[in-house]
Undergrad: 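One structure follows; several queries about it will come next.
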Amino acid sequence: MRSASLAVLAVLLSTGCRSSSAPAAQQRATPKAAATAVPTATPSLQHKAFGAAIAPGAAIALGQVLAKPDDFASRTVTVEAKVRRNCTHRGCWMELAQSLDPTQPGCRVTFKDYGFFVPLDSAGSSAKVQGLVEVTQVPSQEVAHMEGEGAHFASKAADGSAREVRLVASGVELWRDAS
């Protein structure tokens, strides 16, 4: 039974974001991805947690990380920001920014060991993310793949690759602000 489960998980992970049966596959492959509602002080708002619990402590401004990403590289940070975009096929990445304005700098968030994903309708949510900061050069094929899912890269090299600041999240909390 366990080997069959591992085989199914391996197949699901190898298909990447392009799976057409995202919600069902996501639930089977990622039991930790099920949202846990955490009541907040305001009854109309509900936080949903994904992955590991976020350690207590103050969050730093995402803008601070984006202004000097090399200073934060390989460090675990906690930030709060808006989800500007997310993978619309499986929820395997999201883009954080201080606002939803596409001209403002942003940061891609992936999820540690593909251990969880976020809902496909996460864009527009507020988020608290704890994760490891990576500064990396994304190959042109991966850039093209993510752009096909709605991602945006502010500056690309002539070969189609792009330098990216990324958070590899161990835990995420999402909520919708009251309007």
Undergrad: Taking all non-hydrogen atoms of both residues into account, name the closest pair between Ala73 and Val135 and its distance.
TA: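 That closest heavy-atom pairing would be CB-CG2, 4.2 Å.
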Undergrad: With sequence neighbours left out, what residues match Glu80 under side chain to side chain donor-acceptor pair (under 3.5 Å)?
TA: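 In terms of side chain to side chain donor-acceptor pair (under 3.5 Å), with neighbours along the sequence ignored, Glu80 is linked to no residue.
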Undergrad: Check Pro69 against Leu66 and note the closest heavy-atom contact, atom names and distance.
TA: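 The answer is CD-O, 3.3 Å.
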Undergrad: Using a 3.5 Å distance criterion without hydrogens, assess whether the side chain of Asp113 forms a donor-acceptor pair with backbone atoms of Gly115.
TA: no
Undergrad: Taking only residues at least two apart or on different chains, which pairs with a member in residues 123-134 satisfy side-chain hydrogen bond (donor to acceptor under 3.5 Å, both in side chains)?
TA: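 Sorted result for residues 123-134: Thr78-Gln130, Lys82-Ser126, Ser125-Arg176, Ser126-Asp177.
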Undergrad: Is there a path of hydrophobic side-chain contacts, each under 4.5 Å between heavy atoms of I/L/V/M/F/W/Y residues, joining Tyr114 to Met94?
TA: yes
Undergrad: So, for Asp101 and Arg84, which heavy atoms are closest and what is the spacing to 0.1 Å?
TA: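 Answer, listing the atom of Asp101 first, then Arg84: O-NH1, 2.6 Å.
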Undergrad: If you round to the nearest 0.5 Å, how far is CZ of Arg108 from CD of Glu95?
TA: 5.5 Å
Undergrad: Starting from Ile60, can I reach Val109 by hopping between I/L/V/M/F/W/Y residues whose side chains sit under 4.5 Å apart?
TA: yes
Undergrad: Should the pair Lys48-Asp121 be classified as a salt bridge under the 4.0 Å nitrogen-to-oxygen rule?
TA: no
Undergrad: Would Cys107 and Val65 satisfy side-chain contact (heavy atoms from CB on, under 4.5 Å), going step by step from the backbone distance to the final call?
TA: CA-CA 9 Å; Cys107 169; Val65 175; 5.9 Å; no
Undergrad: Hydrophobic clusters here meaning ILVMFWY residues chained together by side-chain heavy-atom distances under 4.5 Å, can you tell me if Met146 and Val168 are in one?
TA: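 Cluster IDs for Met146 and Val168 differ.
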Undergrad: Between Phe111 and Phe117, what is the ring plane arrangement, given parallel below 30°, perpendicular above 60°, and tilted in between?
TA: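 Perpendicular, since the angle between the ring planes exceeds 60°.
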Undergrad: If I compare all heavy atoms of Ala97 with all of Pro105, which pair ends up nearest, and what's the gap?
TA: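 Result for this residue pair: CB-O, 3.6 Å.
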Undergrad: Would Leu132 and Val129 show up in the same hydrophobic cluster when neighbours are defined by side-chain heavy atoms closer than 4.5 Å?
TA: no
Undergrad: If Ile, Leu, Val, Met, Phe, Trp and Tyr residues are connected whenever their side-chain heavy atoms lie under 4.5 Å apart, and connections chain through other members, are Ile54 and Val77 in the same group?
TA: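 Each belongs to a different hydrophobic cluster.
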Undergrad: Is the backbone of Ala123 close enough, under 3.5 Å, to the side chain of Arg85 for a donor and an acceptor to pair up by distance?
TA: no
Undergrad: Would a distance-only check, ignoring hydrogens and angles, find a side-chain to backbone donor-acceptor pair under 3.5 Å from Asn86 to Gly91?
TA: no
Undergrad: Taking Glu142 first and then Arg166, would you say they form a salt bridge - that is, a charged N and a carboxylate O separated by under 4.0 Å?
TA: yes
Undergrad: Give the minimum heavy-atom separation between Ala162 and Phe153, together with the two atoms involved.
TA: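 What the structure gives for the nearest pair is CB-CD2, 3.6 Å.
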Undergrad: Start with the C-alpha distance between His47 and Glu173, add both sets of side-chain angles, then the distance that settles side-chain contact (heavy atoms from CB on, under 4.5 Å), and finish with yes or no.
TA: CA-CA 6 Å; His47 286 234; Glu173 291 178 10; 3.4 Å; yes
Undergrad: For Leu96 and Ala127, work out which heavy atoms get closest and say how close.
TA: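 What the structure gives for the nearest pair is CD2-CB, 3.9 Å.
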Undergrad: Nearest 0.5 Å, please: how far is NZ in Lys112 from CG in Leu167?
TA: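 Reported value, rounded in 0.5 Å steps: 13.5 Å.
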